[in-house]
Structure formats: structure tokens, C-alpha cells
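To start, the structure under review is shown below, and the notes come after it.
Below, each value reflects all heavy atoms present in this structure, side chains not excepted, and no hydrogens, waters or symmetry copies.
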2 protein chains.
Amino acid sequence: MANLTSHIHCQNCSMAALCLPYQLDQEGMNRLDTIIQRHKPLHKRDVLVNAGAPLKYLYAVRSGSLKSYTIDDNGVEQIIDFHLPGDLVGFDALAEGQHRSYSQALETTMLCEVPIVSLDELVIEMPSLRKQMMRLMSSEIFSSKQLLGTLNNRSAHQRLAHFLVTLSDRFKARGLSSTSFRLTMTRADIGNYLGLSVETISRILSALQGEGVIDVQNKLVNIIEPARLRELAH
Amino acid sequence: MANLTSHIHCQNCSMAALCLPYQLDQEGMNRLDTIIQRHKPLHKRDVLVNAGAPLKYLYAVRSGSLKSYTIDDNGVEQIIDFHLPGDLVGFDALAEGQHRSYSQALETTMLCEVPIVSLDELVIEMPSLRKQMMRLMSSEIFSSKQLLGTLNNRSAHQRLAHFLVTLSDRFKARGLSSTSFRLTMTRADIGNYLGLSVETISRILSALQGEGVIDVQNKLVNIIEPARLRELAH
DNA sequence: CGATTGCTTGAGCGAGGTCAAGGTCAGTGG
DNA sequence: CCACTGACCTTGACCTCGCTCAAGCAATCG
């Protein structure tokens, strides 16, 4: 039994509302808790899952962050997602029963590990858990399609502004500051994700700082004019 | 009871393997059949679902095709998907219980209509149906994230080549010709989807024809050198 | 404390967007 | 059946945004 310390229980987890336990009653949470295991902490650059590996667990991010990426035919990394606390990692693996992307920690990261077989059983008996699974997957479908459209037809400035706004919103949903946060990914990661070069990312961050919209100190971002930034994202 | 004519049964549907009935036994298919209704045929430009409308049905495309799109803050249409026979429309609505995008027929289109409430009930009792739902959603998550990455870092030529290859593969999976098909969407639709201008789409199609890779006559596409086209997509 | 990785800034260039004009096709009504 | 109309497509000319190449600086890590 891995759940010996209190801080690993869903009840006490500040991410519960974004994660699997959403709208579960006390008993439901307890049942979920019994199958959830703690994963050993990842260090920066540790790889959580490899593409092609059989799907054994779904992972929930407790703290820290990860990037998911594929390696294309030319051996080039292609980042498809950044995961923050409360996010689940592994949905893309459900179809084939094996992971289709790599997931790597961007910093020290704590995870909950949910065995797929146990989850499958629980899902049968708990309609609200099933509903939340569907909800999370459906959201992911919409947001990635939305993003696709959004990025496709937008300038570099708009893309980066959009990226920052989205991050800001996600931090807010997690009870963290929406105006002041750390970029745990590198400029190259952002560029890769947004389809822009490192140089462009750097230049635009400088430009946004010059305009007084944000303040950037290395990894630290301060959004000075959130409304203005949101406008720039359109 | 809408299932009076034989051709609307899942058993006889050539798209069954791509659709909800996949890996269902005889009894499972029968049960699914009892809840599935036939939707009246859509004509070109008919709108099937509006963004914001409550989710009542999941739709399966029997024949024809649709595009799904959102309208952004500037009132601009942003195409996020094209649906071919066997595809399901409405997954993005499961999260919120209401549709998040518009879906419009690109040509005369026949649909099966699956009431969500009945589907929910069936899913509880039929593990393989649940599995297939998850599989379809998971695939959609992966493919849209994959596409995001793919398009982002690729040239206009590569994007369009990729688009044609993907269409070709999808037609093949549906038992149709992978080398000769009709583009039911306009050049503007393709451009919107790929983040390119109409002019660029037109120019590149002409260029590909000039190189002898494909032959284009209006909406009709003939892929002359599939391998070469696939190379160009990388 | 050096070495490596990550970030910034500048200069030049090319892919793809915009604007413009003309051509083609499908649907409609006479 | 044909003429008309509006939507759709193609091609050309020009210009701009963002990429590439290059060089130097800053931060992090062993």
C-alpha cells in the first residue's frame, strides 16, 4: 500500500478539481485513492514514458511539469504538449494500448500513478469517474483542435501572446498566480511547440517587454498588462 | 423505430470497422442498432450542429463529408476538422454537454444519429463499446496533437502534401481509392485548415501537377506518384 | 571555475501573404 | 437549352514576416 502519508490522498490534493476526482463523493475518492500509487519523483530531463512502451499507468501531475513530444521520421523532436499539475499524461495511449509520445520532466516533478487495469474496473462501477474521464478527453480533443486552428492562421506575435495567455489561464485554474510565473521550458521548447525559431521567441519576448506588456527575467515572466496581452493574442 | 430498412443496420454498414460497432459481437451490434436513428440527409451547406447547442446526439457519417469549424473573436471561421464516412461528430461536446464547434455538410451527406443518453446507458453494460469510444477519442487526441506539431514546423508544400497523403490514407481505410478522389472542400477551406492562403494552395497544386506527382482537374485529384508525395510531406 | 547549454541581438534573404485581374464552373431562370 | 450570375480558382507582381547564419553574452552544472 503506497498511500501511507496523508499528502498523497486525493482529498487533500489541491489539484483534485482538475483531475480525476472531480465531482466524486467521499466514497468515490476513497476508492480512487486505493488504486492510486505514488511515483518516485522525476528530476529535470528524466523521461517518464517512451513512445511505443505499453500503457500500464495513467499519470497525474502533482507538482512540476513535463513536455510530451514525438520524434518524427527525420529524428526531429516535435513537442505536442506541456503538462502542468492536475494534468493527466497518457490519454493518447488508450487507443493502441501503448504510448505514442515521449514525456520528459522539465523540472523536479511529482506524479500519481494510476494503474490502467484498476482504473478500467473502477470506471465500470463509478459513473461519475467515467464521466470525468470522458470530460477530460473531450476537453483535450477540443483544445488541441482549437489550438491547431489558432496557431495556423496567426502571426508569431499572436502565437506567443496566445501561449502566454493560455499558460496564465492554466496557472489561474490551479490556484496559482496568473500574472507571475516561471517558464519551465526553454525558449527552444516554446519555439518548437509554436512552430517558431528560438530567435523569434527571444525577439518577441524582448519586444513585449519593450512595450511594457510583460516583464521577463530569464525564466520568470511577469504579465504587467494582462488585457493588452490578451488583445495581442487575437 | 427508425430502423426499418436493412441498409441502416450496423451489420451491413461498410464503415462499421471504423465506427462505434468495431469489435462488437452480433448481440452488441443489435443493441447498438436499436438506439441508432437515421438523420435526414443533409444538403451541401446545411449546418448539422451549431456551436453552443446542447449535445443530444453523436453523429456518425454514413456517406458524404462535413467540415467542423469555430468562429473566433474576430468573427473569422476557423476550420478544425473534415469528417469522412465512418467518422464521428461531436466528441468535443462531451466535456461541456454542448457543442463547441459548427459542423456543415460539404456535399449531400447521410448520417446516423446516436442519442447520447441511450449511448451512456449502453456504454455501462457493454465494455467493448466503452473501449471503442475511448479508442476513438484517444486516436482523435493523438492525431490532432500530431497534426499540430506536423503543420507548425513545415513549409506550405509539406503541409499540402501531408494533407493529401492523410486524405489518401483515410480513403484507403474506408475501402475507397487511395489514389483518386474528390476534394469536397474548396481551396479556401483547405487553406483555412492548413493556415495557408487560397493562392498558395492553388499555386502548390499547380506545381505538384507540373512535377507529375499528382493530376488535378478541379475537385478531382489523381495521385500519380504516391511515394513521391509521401516524401514531400516530410 | 571552466564548460556547456541557453539566450539575445544583428544582418540578409526567401517563402508565403496581399493585392489585383482574369478565367472557369455550377446553379438559376428565361 | 442557353445566358447570366456569383462562387470558386488561377496566375502575376510586389512586399513583409520570420528564418537562417553569425557572433557574443548569461546562466547553470559538474
Side-chain angles (χ1 to χ4, degrees), chain A residues 43-46 65 67 74 76-79 104-108 151-164 182-211 214-221 232-233, chain B residues 43-46 65 67 74 76-79 104-108 151-164 182-211 214-221 232-233:
Chain A
H43 299 116
K44 193 173 177 174
R45 267 179 278 271
D46 282 353
S65 53
K67 63 174 174 180
N74 311 318
V76 178
E77 175 179 319
Q78 176 50 243
I79 298 175
Q104 187 185 40
L106 295 169
E107 59 188 317
T108 303
L151 293 187
N152 248 346
N153 286 308
R154 280 176 172 57
S155 68
H157 273 78
Q158 291 172 316
R159 291 185 198 199
L160 189 51
H162 179 96
F163 178 74
L164 292 173
R182 229 169 59 79
L183 300 172
T184 55
M185 65 294 288
T186 67
R187 307 284 194 267
D189 285 338
I190 300 174
N192 181 305
Y193 180 62
L194 296 179
L196 300 171
S197 68
V198 194
E199 294 92 329
T200 299
I201 301 296
S202 186
R203 270 187 258 272
I204 296 177
L205 285 177
S206 300
L208 287 174
Q209 181 159 30
E211 295 163 24
I214 62 173
D215 182 66
V216 195
Q217 299 299 329
N218 302 319
K219 301 282 196 180
L220 235 61
V221 174
L232 290 173
Chain B
H43 299 116
K44 192 172 177 174
R45 269 178 277 270
D46 283 352
S65 52
K67 63 174 173 181
N74 312 319
V76 178
E77 175 178 319
Q78 176 49 243
I79 298 174
Q104 187 185 40
L106 296 169
E107 60 187 317
T108 303
L151 292 187
N152 247 344
N153 287 307
R154 280 177 171 55
S155 70
H157 273 79
Q158 291 173 318
R159 291 184 198 201
L160 189 51
H162 179 95
F163 178 74
L164 292 173
R182 228 170 60 80
L183 300 172
T184 55
M185 66 294 288
T186 67
R187 306 284 194 268
D189 285 338
I190 300 175
N192 181 304
Y193 182 62
L194 296 179
L196 300 170
S197 68
V198 194
E199 294 92 329
T200 299
I201 301 296
S202 187
R203 269 187 258 271
I204 295 177
L205 285 177
S206 301
L208 287 174
Q209 181 159 30
E211 293 164 27
I214 63 173
D215 183 64
V216 196
Q217 300 298 330
N218 304 318
K219 300 282 196 181
L220 236 59
V221 173
L232 289 173

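At whole-Å resolution of the value, CG in B:Leu183 and P in C:dA26 are 14 Å apart. Taking atom CG on B:Leu196 and atom P on D:dC9, their separation rounds to 15 Å, with Å as the unit. A:Gln217 has its CD atom 13 Å from the C1' atom of D:dA27, to the nearest Å. Rounded to an integer number of Å, the gap from B:Leu106 CG to D:dA7 C1' is 15 Å. With rounding to whole Å, A:Leu194 atom CG is found 16 Å from D:dC17 atom C1'. When rounded to the nearest whole Å, the span between CZ of A:Arg154 and C1' of C:dG17 equals 16 Å. In this structure, the CG atom of A:Leu220 is 11 Å from the P atom of D:dT28, given to the nearest Å. Distance NE2 (A:His43) to C1' (D:dT28): 17 Å, rounded to an integer number of Å.
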Original post:
What's the verdict on side-chain contact (heavy atoms from CB on, under 4.5 Å) for B:Thr186 and B:Lys219, showing C-alpha distance, side-chain angles and the deciding distance?
Top reply: CA-CA 8 Å; B:Thr186 67; B:Lys219 300 282 196 181; 3.9 Å; yes

Subject >> side-chain contact (heavy atoms from CB on, under 4.5 Å) assessment of B:Glu77 paired with B:Asp189 >> reply: CA-CA 10 Å; B:Glu77 175 178 319; B:Asp189 285 338; 4.1 Å; yes

Subject >> Residue pair B:Leu194, B:Thr200: steps toward the side-chain contact (heavy atoms from CB on, under 4.5 Å) verdict >> reply: CA-CA 11 Å; B:Leu194 296 179; B:Thr200 299; over 6 Å; no

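Distance CG/B:Leu205 to CG/B:Leu183: 7.5 Å, rounded to 0.5 Å. For the atom pair CZ of A:Arg187 and OG of A:Ser197, the computed distance is 13.0 Å after rounding to the nearest 0.5 Å.
Nearest-nucleotide positions on DNA chain C place B:Ile204 closer to the 5' end than the other of B:Lys44 and B:Ile204. The residue among B:Asp189 and A:Ser155 whose nearest nucleotide of DNA chain D is located toward the 5' end is B:Asp189.
For the residue pair A:Gln78 and A:Asn192, the shortest heavy atom distance occurs at OE1-OD1, 3.4 Å. When every heavy atom of A:Asn152 is checked against every heavy atom of B:Tyr193, the shortest pair comes out as ND2-O, 2.7 Å. The shortest heavy-atom contact between A:Asn153 and B:Leu196 is OD1-N, 4.4 Å.
Among the protein residues, A:Thr186 comes within range of the sugar-phosphate backbone only, with heavy atoms under 4.0 Å from sugar or phosphate atoms but none that close to a base. Residue contacts shown for A:Arg159 are absent, as no nucleic acid heavy atom lies under 4.0 Å away. Within 4.0 Å of A:Gly191, counting heavy atoms only, lies no atom of the nucleic acid at all.
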Using atom names, set out every protein N or O paired with an N or O of nucleotides 10-12 of chain D below 3.5 Å, distance rounded to 0.1 Å.
{"residue": "D:dT10", "atom": "OP1", "partner": "B:Arg187", "partner atom": "NH2", "Å": "3.4"}
{"residue": "D:dT10", "atom": "OP2", "partner": "B:Arg187", "partner atom": "NE", "Å": "3.0"}
{"residue": "D:dT10", "atom": "OP2", "partner": "B:Ser202", "partner atom": "OG", "Å": "2.8"}
{"residue": "D:dT10", "atom": "O5'", "partner": "B:Ser202", "partner atom": "OG", "Å": "3.0"}
{"residue": "D:dT11", "atom": "OP2", "partner": "B:Ser206", "partner atom": "OG", "Å": "2.5"}
{"residue": "D:dG12", "atom": "N7", "partner": "B:Arg203", "partner atom": "NH1", "Å": "2.9"}
{"residue": "D:dG12", "atom": "O6", "partner": "B:Arg203", "partner atom": "NH2", "Å": "3.4"}

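The phosphate of D:dC9 has OP1 or OP2 within less than 4.0 Å of a side-chain N or O from B:Lys219.
Fit an axis to the five pairs at each end of the helix from C:dC1-D:dG30 to C:dG30-D:dC1 and the two axes sit 50° apart, to the nearest 10 degrees.
With no hydrogens or angles considered, a side-chain donor-acceptor pair links A:Gln209 and A:Asp215 at under 3.5 Å.
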